[in-house]
Amino acid sequence: LDEYVVFETMNNRGKPLSQLEKLKNRLMYLNDKFEVSDSENEDFSEEDLTKVKIAQQNELSNSINKAWITIYQSLGKNKKTPLNDEEFVKNHWITFFGNYSRDKSKVYVNFLFNEYFHIQKVYAKKLTRNDTEIYVKSLQTSSKWWNKLNHPQYFTNEEKELKNAILNLKRAGISPSFKPLILAILTRHDRLDFIPVINLLEKYNFKVFDVTNRKANAGDSKLYSLAHEIYNRSINRYSLIEEINNITNKYYRFTSFINRIEELFDTGKGYYDWSGRKYFLFVYDQYLRKVNSTSTIATELQWEDFVNKKSIEHILPQSACLSIEEYASEKNANKNGVKESYEKIQNDWSSFKNFTPFERKRLANSLGNLLAISSSDNSSFSNDPFEYKVDQSNKGENYKNRGYKFDSLSAMIVASENTEWTPESILKRGLKMLDFLCEYIGEDFIRIEKADKYKLLGLEFMYEKEKTQITMGNNV
């Protein structure tokens, strides 16, 4: 038996091989089978031909060995989160060959081993040593960029713009269907020219997956095809931008967002259950910093801290929205046992006392009541009245320099614009945030009917109350 064929099944430790190990082994096996090309055959004696073949074998063998050293170094560079080699091989396969199918799992394995790098192709002279060399070099180069794509901290100072674009995309979420395309972009010498494309993918992710709530594979086949075209220089960045816009428009529906938000309010916690809440609140805070020309680092949200900690604050606390029965149940007590503390919370938030628990829950989970803060202090804010949330020093000297006044710009604006927090405050802030959301995703806020704006905020009942008050006023 050929030693390479035996090794394709088990390594020297008797353990199953990874696809990357198998791939190297297959390439080394085929390297032994390649003949010297016809153009080099003509003037050589049999002895010289053997020498040439050995030299060519050694050259490709060295290339493969060096490439695999680079690949393993790249995939394992981050010791805490080493990269999966099969995921890398699959994404490179999509980029390099342009093949993708949902028909069966691991279709890339079948293609690489049973179709492309197959001994019969060598015998038929449909696969050459040069073809293999090109693939190996591509795999080697791509591994370095694959590491940077997944671990942006490894971008160099000269690649800062690329790093920032990738970080912004990671905040929105890098869909698996984006990775082959970004990998193709990064391997190009003109990669910096494609930064607008990466920025566009950020909007694509938010509009298609968070706003429209499409499945994770929406548009993936076309994006995979574009990855191969960009890798092969078949299209330019302007055509690519047009194609991505076309895919976005195909899957994006604002009406789906309206229906989704209505469903979240009916079955859960409204915007607090929305998949795009963290990204949107973060982007909104960045927008406020820009329009207010604020560059103070102390008030700037840091994405990793924000997303990993419990850093979304309900200004009107959820506990103030419960009925006394629900409140007692949460405390594992009877109504008489919690009556005093329940009444205190209700009095602290007296502006909401005339609203039903159902309406208060909607107010609490409406967009305008959710606040991005720079720390996990919302656990200490807890059931505090608004004046304590604004400035924790109102609770005592031990709480100095804590509260909305000392937090993110979003929080500071809430503190500066409101002496108390009311249903009208939630509505007013929510409409401003909805206006920004519409601008961000390309919708005309002005053309949305007033009733629909209130509905989008989960506050239809406030619209109905306004209508009733206007009717009563007209009848006086």
Side-chain angles (χ1 to χ4, degrees), residues 260-278 280-281 305-392 394-396 398-399 402-404 407-408 410-411 414-415 418 420-427 429-430 457-462:
R260 177 61 176 157
I261 293 302
E262 184 177 9
E263 179 185 342
L264 289 175
F265 273 110
D266 288 342
T267 61
K269 294 184 177 181
Y271 279 95
Y272 195 67
D273 277 346
W274 177 39
S275 63
R277 66 192 183 280
K278 289 184 178 180
F280 174 73
L281 290 174
D305 289 337
F306 176 67
V307 76
N308 291 325
K309 294 180 180 179
K310 190 178 178 182
S311 298
I312 296 180
E313 157 81 349
H314 285 81
I315 303 174
L316 166 68
Q318 297 178 83
S319 56
C321 306
L322 303 175
S323 65
I324 190 168
E325 291 80 9
E326 291 169 326
Y327 185 78
S329 177
E330 279 207 352
K331 299 292 185 181
N332 293 318
N334 59 47
K335 289 195 293 184
N336 290 331
V338 299
K339 186 176 181 181
E340 184 177 344
S341 62
Y342 179 77
E343 288 181 352
K344 181 182 184 307
I345 293 174
Q346 297 303 308
N347 290 329
D348 287 340
W349 299 93
S350 57
S351 298
F352 298 88
K353 288 182 73 173
N354 293 329
F355 289 83
T356 67
F358 170 83
E359 292 169 340
R360 278 180 273 160
K361 287 173 186 174
R362 289 204 158 213
L363 283 160
N365 293 297
S366 188
L367 194 58
N369 192 58
L370 300 182
L371 182 63
I373 58 175
S374 62
S375 67
S376 55
D377 268 356
N378 58 342
S379 59
S380 67
F381 298 157
S382 188
N383 300 325
D384 285 347
F386 184 68
E387 63 174 316
Y388 288 4
K389 292 194 174 202
V390 168
D391 189 347
Q392 291 275 283
N394 290 322
K395 292 166 66 173
N398 292 334
Y399 297 93
R402 292 171 65 180
Y404 296 170
D407 214 283
S408 66
S410 296
V414 166
N418 300 275
E420 61 175 334
W421 195 246
T422 67
E424 291 71 29
S425 304
I426 294 174
L427 174 62
R429 182 169 180 263
L457 296 173
L459 304 178
E460 304 97 312
F461 56 90
M462 291 190 71

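The structure presented is a predicted model; accordingly, all values stated were derived computationally and were not measured.
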Next item on the list: List the steps and the verdict of side-chain contact (heavy atoms from CB on, under 4.5 Å) for M462 and E424.
Entry: CA-CA 9 Å; M462 291 190 71; E424 291 71 29; 4.3 Å; yes
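Here the closest non-hydrogen pair linking F306 and S311 is CE1-O, 3.3 Å. Annotation for I261 and Y271: closest pair CD1-CE2, 3.6 Å, computed over non-hydrogen atoms. Taking every heavy atom of both residues into account, E326 and K361 meet most closely at OE2-NZ, 2.6 Å. For F355 against R360, the heavy-atom pair with the smallest separation is O-NE, 3.0 Å. Heavy atoms only, all atoms of each residue included: I315 and Y404 are closest at CA-OH, 3.7 Å. Minimum heavy-atom separation, L367 to G430: CD2-O, 4.4 Å.
When side chains are defined from C-beta on, Y327 counts as touching I345, because their heavy atoms get closer than 4.5 Å. Counting heavy atoms from C-beta outward, I324 and Q346 have side chains that stay 4.5 Å or more apart.
Between the CD atom in E313 and the CG atom in L370 there is a gap of 9.5 Å [rounded to 0.5 Å]. Taking OG1 of T422 as the start and CZ of F352 as the end, the distance is 6.0 Å to the nearest 0.5 Å. Here F461 contributes atom CZ and L363 contributes atom CG; the two are 4.0 Å apart, rounded to the nearest 0.5 Å. Here the CG atom belonging to L371 is positioned 5.0 Å from the CZ atom belonging to R429, to the nearest 0.5 angstrom. In this structure, the separation between CH2 on W421 and OG on S351 is 11.5 Å, given to the nearest 0.5 Å. In this structure, CH2 on W274 lies 14.0 Å from CG on N365, to the nearest 0.5 angstrom.
Other residues, nucleotides and ligands place more than 12 heavy atoms under 6.0 Å from the CG atom of N308.
For E343, there are no salt bridge (Lys or Arg N to Asp or Glu O under 4.0 Å) partners two or more places apart in sequence or in a different chain. Qualifying side-chain contact (heavy atoms from CB on, under 4.5 Å) partners for E330, counting only residues two or more places apart in sequence or in other chains: L322. Checked against side-chain contact (heavy atoms from CB on, under 4.5 Å), D273 has the following partners two or more places apart in sequence or in another chain: L264, K269. Judged as a salt bridge (Lys or Arg N to Asp or Glu O under 4.0 Å), and not counting sequence neighbours, K278 has no contacts. Every residue two or more places apart in sequence or in another chain that forms a side-chain contact (heavy atoms from CB on, under 4.5 Å) with E460 is listed here: R362, K455. Partners of S329 according to the side-chain contact (heavy atoms from CB on, under 4.5 Å) rule, which considers only residues two or more places apart in sequence or in another chain, do not exist here.
With hydrogens and angles disregarded, a donor-acceptor distance shorter than 3.5 Å links the side chain of D407 to the backbone of S374. In this structure, S408 contributes its side chain and A372 its backbone to a donor-acceptor pair below 3.5 Å. At distances below 3.5 Å, not a single donor-acceptor pair connects side-chain atoms of S366 with backbone N or O atoms of N369. Side-chain atoms of N334 come within 3.5 Å of backbone N or O of G337 as a donor-acceptor pair.
Relative orientation of the F386 and W349 rings is perpendicular, given thresholds of 30° and 60° on the angle between their planes.
A donor-acceptor contact closer than 3.5 angstrom is absent between the side chains of Q318 and Y272.
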